[in-house]
Amino acid sequence: MLTRCKSVVSALCVIALTHASPITTTHLHKRYDYPNPEPCTGNCTWIHDPSLIKKDGLWYRFSTSGNIAIATAPAITGPWEYRGALLDKGTSIFVADGQDIWAPDVTLIGDTYYAYYAVSRMGLQNSTIGVATSTSLLPGSWTDHGSISLPHSADYNLIDPNVLQDAGGQIYFTFGSYWNDIFQTSFSSPPLASAAQGVEVMNVVNNRTERVTVVEGSFQFKHPSNGFYYIFFSVGACCNTPPNLAPAGDEYRIMVCRSQSATGPFTDDKGRSCVAENGGSLVLASHGNVYAPGGQGVVYDESVGRVVLYYHYVRPSVGYSAEQFFFGYNYLDFGSGWPVVV
Ligand SMILES: *[C@@H]1O[C@H](CO)[C@@H](O)[C@H](O)[C@H]1NC(C)=O
Ligand SMILES: *[C@@H]1O[C@H](CO)[C@@H](O)[C@H](O)[C@H]1NC(C)=O
Ligand SMILES: *[C@@H]1O[C@H](CO)[C@@H](O)[C@H](O)[C@H]1NC(C)=O
């Protein structure tokens with residue numbers, strides 16, 4: 001627990017330590033039986049932190065690996081075909097030797113596609129978020145703009161960007177974080193190089209239980225009809241391999257909080273605050289031959305009229321190494337006001 005806070009002398013760390021509440025097991029209880037992932041054909045492996053978007057009847061899937069892999073398919077089911085790298089020449093951002101480009105988040109704003117990404121290496125807290133733009137989504141069409149200059153801080157880590165544009169045009173930008181979980185800031189237009197210099201950031205999700213847990217990979221989703229803003233996030237150990245697997249229940253899983261406002265306060269299905277009371281409702285966790293689902297996103301698929309939760313996961317029967325991670329997805333039901341995998 002102390003490893004992260006010891007190295008980070010910050011107000012948030014002090015708060016996390018002194019206001020720690022006892023560990024409860026309620027978070028670990030699944031709320032329902034999880035169905036298996038829906039079928040996927042074609043290239044469905046070597047997938048981490050996928051981001052889906054549809055253009056002219058074709059689905060595009062962006063994911064971590066090989067300077068951001070781009071694949072396309074006529075339907076989310078597939079067949080998925082690998083098309084090339086988004087940043088084929090890498091990025092101008094330098095964080096550290098052995099760095100990698102992580103967790104793309106692709107959004108259409110106006111007539112331009114914005115791909116936000118993180119540059120990092122396992123264990124580094126001085127990561128940086130950058131952006132590339134395109135009007136076609138295909139490999140070779142992207143212009144890299146480098147860092148958007150979000151301020152670095154000992155309180156957080158600049159990874160796992162996500163953009164939500166509200167009907168009024170306002171951009172809500174979440175990121176983080178491993179350190180102190182999920183942060184949010186907002187912009188009147190999508191940030192490009194240097195646009196985020198000096199902005200104020202707000203902690204929106206923070207698990208302050210005594211045993212510090214990784215919380216990262218946030219994804220904001222505004223439900224098209226019930227008015228709620230949901231924030232999905234991944235909790236736990238994402239990528240351990242045998243014999244060092246996390247204790248059962250500590251591996252990656254997908255949780256959610258919601259609010260009537262894009263900026264929170266976010267609460268869980270028991271009414272607990274997600275920033276002050278360790279709130280968070282489980283959406284999907286390991287089950288059967290599905291292990292450590294996470295790195296998720298949510299998209300409305302109008303061709304089937306349903307909301308889709310997509311993610312990466314491990315099949316223990318296949319293996320745990322990076323290139324063996326699968327692309328998975330399920331449909332979500334929001335009938336109760338809370339997303340249920342169906
Ligand atoms: C499948 O996609 C991954 C990236 O997600 C890529 O590295 C790999 O080369 C692709 N495989 C084939 C056979 O195209
Ligand atoms: C980031 O941190 C690493 C590890 O401490 C260090 O080697 C690297 O120089 C830092 N990068 C920058 C841009 O400061
Ligand atoms: C908070 O951390 C505890 C301890 O690791 C964990 O059991 C729980 O599932 C976490 N809750 C959320 C909402 O992340």
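Computed over heavy atoms, backbone and side chain alike; hydrogens, waters and symmetry mates excluded. Both counts, for ligands and for their atoms, begin at 1 and track the order of listing. If you read the sequence from its start, that first residue is 1, and numbering goes on from there. From a predicted model like this one, the values you see are computed outputs, not experimental measurements.
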Checklist entry - ring-ring contact (aromatic ring centres under 6.0 Å, His included) between Tyr252 and Tyr313: does it pass, once the steps are laid out? => result CA-CA 9 Å; Tyr252 236 29; Tyr313 71 101; over 10 Å; no
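- Note: His287 and Tyr34 have tilted aromatic rings, judged against thresholds of 30 and 60 degrees for the angle between ring planes.
- For the 3.5 Å distance criterion, the side chains of Ser281 and Asp268 fail to qualify, holding no donor opposite an acceptor.
- Salt-bridge annotation for Arg208 and Glu277: absent, with no side-chain N of the basic residue lying under 4.0 Å from a carboxylate O of the acidic one.
- Listed by atom number, the atoms of ligand 3 under 4.0 Å from Thr213 heavy atoms are 2 (O), 3 (C), 4 (C), 5 (O).
- Gln220 and Asn162 share a side-chain donor-acceptor pair at under 3.5 Å.
- For the pair Tyr82 and ligand 1, the shortest N or O to N or O distance does not fall below 3.5 Å.
- In Thr45, the part holding a heavy atom less than 4.0 Å from any atom of ligand 1 is the backbone.
- Residue Ala69 approaches ligand 1 through these ligand atoms, each under 4.0 Å from one of its heavy atoms: 4 (C), 5 (O).
- Within the structure, the ring-ring contact (aromatic ring centres under 6.0 Å, His included) test picks out the following pairs touching residues 202-239 (sequence neighbours left out): Phe221-Phe334, His223-Phe334, Tyr230-Phe334.
- Checking only distances, Arg61 never comes within under 3.5 Å of ligand 1, N or O to N or O.
- Ligand 1 places these atoms under 4.0 Å from at least one heavy atom of Ile47: 5 (O).
- A cation-pi contact links Arg61 to Phe327, judged by a cut-off of 6.0 Å to the six-membered ring centre and 45° from its axis.
- Taking the ring centroids of Tyr320 and Tyr291, they lie under the 6.0 Å cut-off.
- Considering backbone and side-chain atoms alike, Asn278 places every N or O at 3.5 Å or more from each N or O of ligand 3.
- Protein residues having a heavy atom under 4.0 Å from any atom of ligand 2 are Phe94, Val95, Leu124, Asn126, listed by chain and number.
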